[in-house]
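Accompanying notes for the structure given below.
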Amino acid sequence: MEQAAQQYLNTFPVATFQKLLLYWFERNMRQLPWRKDQEPYKIWVSEVMLQQTQVDTVIPYYERFMSRFPTLEALAEAEEEEVLKYWEGLGYYSRARNLHQAVKEVKERYGGRVPDNRKEIASLKGVGPYTAGAILSIAYGQPEPAVDGNVLRVISRLLHIEEDIQKAKTRHLFEEIVRHLIPKGRASYFNQGLMELGALVCTPKSPHCLTCPVQEVCRAYQAGMQDQLPVKGKKKKPKTVKIVAGVLMEKGHVLIRQRPDNGLLAKLYEFPNVQWDDQEPDETISRYLFDMYGLRTATVEQWPSVQHTFTHLIWEISVYRLHLAEPLDKLNGFVFPQEEQPFSAARWERIEDLERYPFPVSHQKIKKEIWKRL
DNA sequence: CACCCGTGGAT
DNA sequence: TATCCAAGGGT
């Protein structure tokens, strides 16, 4: 790997590239909320939020999150459910749970100080090779590579590398290359500059080569190959799953439940639902509620269906407003599932209090239908 | 290594 | 409309 990295850098004008990139970044860097200082906790939170998520999407979430959890200690002392509430809508919710767990570990094991070496910081939940490098270089100024999707694209064009950037081995190659590119004492700005260039200039489609600050040293541009790079495999199409959800409303209360601890949308709340296939959806949800919770229900009306697309999955959710066939005395308690079920107890919650719970976007859409009908 | 894990913006 | 894909990590 070391040899391969050297091969690509042989005859490459490293010093010129460093100078051009740093010069450009210092004059074109965006003013972002997490660039006001270099506090490791703030850099950490921003980097986790930015995983697979665009800057413009992150900014309002970051502001709200930092105003509620301004310090590492504040986050460590919070309840997980509240952390999830502040993450509601951002997606990839394991990021929030892992960050919360990791922050608690830093508080206990490291006295609240974020580790400044790759071994310890990379051992934290949710901190992989990229995030470790980002924190080490941006917060601590260490000459560590931080190779994200931008860097893979920029470097593949800059050095005309035709390796498939989706392969793990390629990421290792690029990390070695970046190690040799980092200017002494400038790791923070250099790494951020690489990413900023990828975000603003060296974009995935139709890169802005004519105004690119490193055009004169870019091998892809010299070869007219910028539109063919980076080389990347194709994605699979998401599969459609038919879901039926039941909105069980009685006397200002609605039945909700928490999803299992692991897997899709873990620990978020939802309206009772189940996959359907052969049977009619309204019959399916009615039978499911009886089998699962012993509740006898009747369909009141069908509400607008909800479609929600994940990266690898499409939910087509049929929604039914239901009534209890046998009214219950108290609606403030829990409804326990039959044994051997991954779900915790469902609960009757007051409609006004639904806002206290973190819902995935798919079920927020259903929640909005409830508001409309009050 | 392959697959899973969300959501919204851009083209 | 369809597809890509964005400051990735866990298993």
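The figures here come from the full heavy-atom set of this structure, side chains too, leaving out hydrogens, waters and symmetry mates. Numbers restart at 1 for each chain; the letters A, B, ... are given by sequence-line order, proteins then strands.
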Taking the basic N atoms (NZ, or NE/NH1/NH2) and the acidic carboxylate oxygens, is any pair closer than 4.0 Å for [X] and [Y]?
{"X": "A/Arg179", "Y": "A/Glu144", "result": "yes"}
{"X": "A/Arg171", "Y": "A/Glu175", "result": "yes"}
{"X": "A/Glu163", "Y": "A/Lys167", "result": "no"}
{"X": "A/Asp164", "Y": "A/Lys232", "result": "no"}
{"X": "A/Arg296", "Y": "A/Glu326", "result": "yes"}
{"X": "A/Arg35", "Y": "A/Glu196", "result": "yes"}
{"X": "A/Lys267", "Y": "A/Glu80", "result": "yes"}

Students often get this wrong, so: under 4.0 angstrom with heavy atoms, is [X] touching a base, only sugar-phosphate, or nothing?
{"X": "A/Arg35", "result": "base"}
{"X": "A/Val151", "result": "nothing"}
{"X": "A/Gly198", "result": "nothing"}
{"X": "A/Ala146", "result": "nothing"}

Q. Is the side chain of A/Gln226 donor-acceptor paired with the backbone N or O of A/Pro207 at a distance under 3.5 Å, no angle test?
A.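 Side chain of A/Gln226 to backbone of A/Pro207: no pair is present.
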**Q.** Single-linkage hydrophobic cluster, 4.5 Å side-chain cutoff, A/Val55 and A/Ile135 together
**A.**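 In one cluster with A/Val55: A/Ile135, yes.
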**Q.** Which residue lies more 5' along DNA chain C, comparing A/Leu32 with A/Leu124 via nearest heavy atoms
**A.**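 Mapping each residue to its closest nucleotide by heavy atoms, the 5'-most match is A/Leu32.
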Q.
Any donor-acceptor pair, under 3.5 Å, between the side chain of A/Thr311 and the base of B/dG6, if you only look at N and O atoms?
A.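 In this structure, the two groups form a donor-acceptor pair.
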Q) With a 3.5 Å cut-off and just heavy-atom distances, do the side chain of A/Thr53 and the base of C/dG8 make a donor-acceptor pair? A)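 No, the side chain and the base share no sub-3.5 Å donor-acceptor pair.
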**Q.** DNA chain C contacts among residues 131-144 of chain A, heavy-atom distance under 4.0 Å
**A.**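 Within this stretch, A/Thr131 sit under 4.0 Å of the strand.
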(Q) Quick check on contacts: within residues 79-110 of chain A, what sits under 4.0 Å from DNA chain B by heavy-atom distance? (A)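 Residues of residues 79-110 of chain A that come under 4.0 Å of DNA chain B are, in numerical order, A/Gly89, A/Leu90, A/Gly91, A/Tyr92, A/Tyr93.
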Q) Between A/Gln52 and A/Ala168, which has a closest nucleotide on DNA chain B that is more 5'? A)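 Looking at the nearest nucleotide for each, A/Ala168 comes out on the 5' side.
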Q | C/dA7 versus B/dC4 - spacing of their P atoms, nearest Å | A |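 My reading of the P atoms in C/dA7 and B/dC4 gives 24 Å.
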Q) Can you tell which of C/dG10, B/dT7, C/dG9 lies closest to the side chain of A/Tyr130? A)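 Nucleotide nearest to A/Tyr130's side chain: C/dG9.
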